[in-house]
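Computed from heavy atoms alone, side chains included, the values below leave out hydrogens, waters and symmetry copies.
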Amino acid sequence: MTKGNSTKITDDLYAYVLAHNPPLDAVQRGLVVTTREKFPESAGMQSAEEQGPLLAFLVRLTGARHIVEVGTFTGFSALSMAQALPEGGRLIACDVSREWTDYGREAWEAAGVADRIDLRIAPALETLRAMPTEPHVDMAYVDADKESQILYWEELVPRLRPGGLIVTDNTLFHGSVLDTSPGSRGASVHAFNEHAAADTRMESVLLGISDGLTLSRKR
């Protein structure tokens with residue numbers, strides 16, 4: 001197999017990428033900094049900085065009005081998507097931690113988008129299964145516990161409108177998807193990747209962005 005692009009993303013090149021993407025606004029930047037300061041050991045769970053503008057771009061590209069987020073953490077990705085929603089758009093954010101999401105609430109209020117975000121503190125599967133079963137979701141972003149990714153997928157796909165999009169984060173999981181002993185989370189991510197690729201209801205592409213990002217469109 002021939003690798004088509006051998007560009008290594010150095011720190012300088014990564015800075016170049018960020019410099020040529022839409023910049024984070026003051027609220028987004030403040031939330032990124034606060035997350036790193038308050039939760040230094042967990043800050044890696046925050047979506048990569050370049051993913052905020054990308055998620056906003058995808059919201060606008062798809063014309064999404066109803067978004068579901070599985071895994072909110074301190075709210076950076078929800079903030080980015082909510083800011084891109086049209087008038088009357090809504091984002092359901094699923095998480096189990098009030099401590100983390102309280103920082104998100106503050107940022108959403110500061111950015112003027114708190115009224116667009118419906119935060120539901122409960123196990124995400126409970127929240128998803130309580131939603132209407134007919135196709136009504138325009139876009140979903142999944143960035144939560146890796147062992148449940150297939151379960152989240154199976155709840156979201158039937159509720160996704162034709163042409164709707166599921167964005168799944170960490171689908172390379174630090175490269176562990178290739179390990180012979182990847183651990184439970186790495187094995188779960190690998191199983192999810194196989195599941196998504198084989199699902200004929202969807203068409204998926206796995207991109208080497210950050211820790212791996214899979215875009216899946218409903219046929």
Side-chain angles (χ1 to χ4, degrees), residues 18 24-56 58-59 64 66-85 89-131 137 139-153 155-156 166-174 176 183-186 188-189 192 209-213:
L18 295 182
L24 302 188
D25 63 29
V27 178
Q28 291 174 324
R29 175 62 62 196
L31 184 56
V32 168
V33 172
T34 296
T35 300
R36 291 172 181 165
E37 291 176 347
K38 298 293 185 180
F39 306 105
E41 295 182 359
S42 305
M45 294 196 300
Q46 184 171 252
S47 296
E49 185 172 323
E50 68 271 22
Q51 288 176 229
L54 174 60
L55 289 169
L58 291 173
V59 172
H66 186 179
I67 300 172
V68 176
E69 177 179 72
V70 180
T72 296
F73 190 40
T74 57
F76 172 67
S77 50
L79 171 61
S80 301
M81 291 186 287
Q83 288 175 311
L85 277 170
R90 194 76 169 162
L91 187 154
I92 296 175
C94 307
D95 207 282
V96 293
S97 172
R98 292 192 183 277
E99 180 185 10
W100 290 339
T101 55
D102 277 349
Y103 289 94
R105 286 180 184 272
E106 291 180 12
W108 304 337
E109 289 283 354
V113 296
D115 60 336
R116 303 179 189 180
I117 301 174
D118 178 4
L119 176 62
R120 302 187 183 181
I121 302 295
L125 281 174
E126 292 181 8
T127 299
L128 294 177
R129 289 168 178 166
M131 291 169 54
V137 176
M139 180 173 161
Y141 180 51
V142 181
D143 186 15
D145 61 296
K146 307 313 172 189
E147 291 86 351
S148 300
Q149 279 184 319
I150 293 176
L151 297 175
Y152 298 142
W153 175 272
E155 294 300 328
L156 286 165
I166 298 177
V167 182
T168 308
D169 199 13
N170 304 116
T171 48
L172 293 179
F173 206 67
H174 319 298
S176 67
S184 62
R185 290 187 295 173
S188 296
V189 172
F192 169 78
I209 296 173
S210 189
D211 190 30
L213 197 69

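Within the 4.5 Å cutoff, side-chain heavy atoms of D143 are placed close to those of S47. Side chains of F192 and K146 form no contact here, defined as non-hydrogen atoms less than 4.5 Å apart. Counting heavy atoms from C-beta on, the side chains of S188 and Q149 never come closer than 4.5 Å. Residues I117 and R105 form no side-chain contact, since every pair of their non-hydrogen atoms from C-beta on lies 4.5 Å or further apart. Side-chain atoms of V167 and V142, non-hydrogen and from C-beta on, never get closer than 4.5 Å to each other. When side chains are defined from C-beta on, D25 counts as touching Q83, because their heavy atoms get closer than 4.5 Å. I92 has its side chain out of reach of I67: every pair of non-hydrogen atoms, C-beta onward, lies at least 4.5 Å apart.
Here the OG-CG distance, from S210 to N170, works out to 7.0 Å after rounding to the nearest 0.5 Å. For the atom pair L125 CG and C94 SG, the distance stands at 9.5 Å (nearest 0.5 Å). Separation of atoms CG (D211) and CD (Q51) is listed at 8.5 Å; rounding is to 0.5 Å.
The main-chain N or O of L24 is never found under 3.5 Å from a side-chain atom of R29 such that the two would form a donor-acceptor pair. The main-chain N or O of R36 is never found under 3.5 Å from a side-chain atom of K38 such that the two would form a donor-acceptor pair. For the pair S148 (side chain) and D145 (backbone), a donor-acceptor distance under 3.5 Å is absent. Side-chain N or O atoms of T72 include none that pairs as donor or acceptor with a backbone N or O of G75 at under 3.5 Å.
Taking every heavy atom of both residues into account, L91 and A78 meet most closely at CD1-O, 3.9 Å. Heavy atoms only, all atoms of each residue included: Q46 and L31 are closest at OE1-O, 3.9 Å. The shortest non-hydrogen separation linking A82 to R116 is O-NH1, 2.7 Å. Contact record, S42 with W100: OG-CZ2, 4.4 Å, taken as the closest heavy-atom pair. Closest heavy-atom contact between T127 and A122: OG1-CB, 4.0 Å. When all heavy atoms of D169 and L213 are compared, the pair lying nearest together is OD1-CD1, 3.6 Å.
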*List the steps, then state whether side chain to side chain contact (heavy atoms under 4.5 Å, CB included) holds for V32 with F76.*
CA-CA 7 Å; V32 168; F76 172 67; 3.9 Å; yes
_For R120 and E126: C-alpha separation, side-chain torsions, deciding distance, then whether side chain to side chain contact (heavy atoms under 4.5 Å, CB included) applies._
CA-CA 10 Å; R120 302 187 183 181; E126 292 181 8; over 6 Å; no
*With side chain to side chain contact (heavy atoms under 4.5 Å, CB included) as the test, would you mind laying out the steps for Y141 and M81 before giving the verdict?*
CA-CA 10 Å; Y141 180 51; M81 291 186 287; 3.9 Å; yes
*side chain to side chain contact (heavy atoms under 4.5 Å, CB included) assessment of R185 paired with V189*: CA-CA 6 Å; R185 290 187 295 173; V189 172; 5.5 Å; no
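There is no side-chain donor-acceptor pair under 3.5 Å between Q28 and E49. T74 and T35 are linked by a side-chain donor-acceptor pair at a separation below 3.5 angstrom, with hydrogens and angles left out of the test. S77 and E69 share a donor-acceptor pair across their side chains, judged by distance under 3.5 Å alone. T168 and Y152 share no side-chain donor-acceptor pair at under 3.5 Å.
Relative orientation of the F39 and F73 rings is tilted, given thresholds of 30° and 60° on the angle between their planes.
More than 12 heavy-atom neighbours from other residues, nucleotides or ligands sit within 6.0 angstrom of CZ on R90.
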